[in-house]
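When reading the values below, keep in mind they use all heavy atoms of this one structure, side chains included, and skip hydrogens, waters and symmetry mates.
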Amino acid sequence: MECGHGQHSSKRTPMNLLALPDLHQDLRRLDALAAPLAQADVVLLAGDLTNATGAAGAAQVIEAFRAHNPSVLAVPGNWDDPAACAYLGSQGVSIDRRHRIIKGVAFAGVGGALPSPSRTPNERSETQLAHDLEQAVDGLDPAIPLVLVCHQPPLRTRADQTWGGGHAGSAAVRSFIERRQPLICFCGHIHEGVGIDQIGGTQVANPGPLWMGGYAWAKILSGVASVACRTVE
């Protein structure tokens, strides 16, 4: 399966991005991604790397990806507990509430998710998400092309649509995207909300979990960004 759209941006150095949310420590299909992982300039992990298994679980995931590609950035999901978050920070891969500029493209991230009945270890209110998003881009020149990595999807998009047809996304994330217009928003959390949607000039991509075969591939080349949801063969 592949679905994609193109979106113009200013001319930047060619860059290939591979993004995955909701790994939940299931790495059985990782070897099948060896070729695209090797071709990616940056690998983006969009939350729920673990199942509340602390630093050990986060280390298992990060080291598995680093064996294929050393350039990894991540945000924690609602299932990534404080020890996992601390590990991501200690390894220099976390972009939760911060940004990193690589080859003229800014990568900003926000982890966690809205409160749920299951009471997961990393939940944030709409107010907190709004604050964290602003903190992530604090001091960033708006002229620099921006890629947002956010575990919680924006409200009322294909990416936040549940099996029952309702929407479980964040109003704060959507408001930020409407105002800031990042080039791409990679998200996850809603496992069934697979696909690409559009908020203004922003492409919103939720490829679904790798254990379901999903990953996202994006190319920023000669002023154009293209994004696709792909399935591991």
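The number of heavy-atom neighbours closer than 6.0 Å to CZ of Arg179, taken from other residues, nucleotides and ligands shown, is above 12. Shown here is His68, whose NE2 atom has more than 12 heavy atoms of other residues, nucleotides or ligands within 6.0 Å.
For the pair Val93 and Phe65, the minimum side-chain heavy-atom distance is 4.5 Å or more. For the pair Leu45/Ile62, a side-chain contact is recorded, criterion being any heavy-atom separation below 4.5 Å from C-beta on. Counting heavy atoms from C-beta outward, Leu73 and Ile102 have side chains that approach closer than 4.5 Å. The shortest side-chain heavy-atom distance between Arg158 and Asn206 does not fall under the 4.5 Å cut-off. Here the side chains of Arg29 and Leu33 are not in contact, with every heavy-atom distance at 4.5 Å or above. In this structure, Leu49 and Leu88 have side chains that are in contact, with non-hydrogen atoms separated by less than 4.5 Å. Counting only heavy atoms from C-beta outward, the side chains of His167 and Pro153 never approach each other to under 4.5 Å.
Both Val173 and Val110 belong to a common hydrophobic cluster when Ile, Leu, Val, Met, Phe, Trp and Tyr are linked at side-chain heavy-atom distances under 4.5 angstrom. Residue Ile196 is grouped with residue Ile220 when hydrophobic side chains (ILVMFWY) are merged at heavy-atom distances under 4.5 angstrom, including chains of intermediate members. In the hydrophobic clustering of ILVMFWY residues, with side-chain heavy atoms under 4.5 Å counting as a link, Leu129 and Leu140 come out together. Transitive grouping of hydrophobic side chains (ILVMFWY, heavy atoms separated by less than 4.5 Å) brings Leu23 and Leu30 into a common cluster. Under the 4.5 Å side-chain heavy-atom criterion for grouping Ile, Leu, Val, Met, Phe, Trp and Tyr, Tyr215 is not connected to Val194 through any hydrophobic cluster.
Taking NE2 from His24 and CG from Asn51, the interatomic distance works out to 6.0 Å, rounded to the nearest 0.5 Å. To the nearest 0.5 Å, atoms OG1 (Thr53) and CD (Gln60) are separated by 7.5 Å. Here Ile184 contributes atom CD1 and Leu148 contributes atom CG; the two are 10.5 Å apart, rounded to the nearest 0.5 Å. Rounding to the nearest 0.5 Å gives a distance of 8.0 Å between CG of Asp138 and NE2 of His99. Put simply, CD on Gln203 and CD on Gln198 are 5.5 Å apart, with the number rounded to the nearest 0.5 Å. For the atom pair CE (Met212) and NE2 (His191), the distance works out to 8.5 Å, reported to the nearest 0.5 Å.
With ring centers used as reference points, His151 lies 6.0 Å or more from Trp79.
Test Val149, Val137, Val147, Ile177 against Pro182 for side-chain contact (heavy atoms from CB on, under 4.5 Å) and you get one pass: Ile177. Applying the side-chain hydrogen bond (donor to acceptor under 3.5 Å, both in side chains) test between Ser170 and each of Glu126, His189, Gln152 identifies Glu126 as the sole match.
In this structure, Cys187 and Pro154 approach most closely via the heavy-atom pair SG-CD, 4.2 Å. When all heavy atoms of Leu18 and Ala40 are compared, the closest pair comes out as CB-CB, 4.0 Å. The two residues Glu192 and Trp163 come nearest to each other via the heavy atoms OE2-N, 2.9 Å. Nearest heavy-atom pair, Asn122 versus Cys85, reported as atom, atom and distance to 0.1 Å: ND2-SG, 3.9 Å. Scanning all heavy atoms of the two residues, the minimum distance from Cys185 to Cys150 falls at SG-CB, 4.5 Å. Of all heavy-atom pairs spanning Ala64 and Leu27, the tightest one is CB-CD1, 3.7 Å.
Between the side chain of Ser175 and the main chain of Ala172, no donor-acceptor pair closer than 3.5 Å is present. With hydrogens and angles disregarded, a donor-acceptor distance shorter than 3.5 Å links the side chain of Asp80 to the backbone of Thr50. Side-chain N or O atoms of Asp96 include one that pairs as donor or acceptor with a backbone N or O of Gly111 at under 3.5 Å. With hydrogens and angles disregarded, a donor-acceptor distance shorter than 3.5 Å links the side chain of Gln181 to the backbone of Ile199.
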Verify side chain to side chain donor-acceptor pair (under 3.5 Å) between Gln128 and Ser125, making sure each step is shown before the conclusion. CA-CA 5 Å; Gln128 185 66 54; Ser125 67; 5.5 Å; no
Can you check side chain to side chain donor-acceptor pair (under 3.5 Å) on Ser116 and Ser118, steps first, answer last? CA-CA 5 Å; Ser116 67; Ser118 53; 3.0 Å; yes
Where do Thr157 and Asp197 land on the side chain to side chain donor-acceptor pair (under 3.5 Å) test, with the steps shown first? CA-CA 6 Å; Thr157 58; Asp197 210 335; 4.9 Å; no
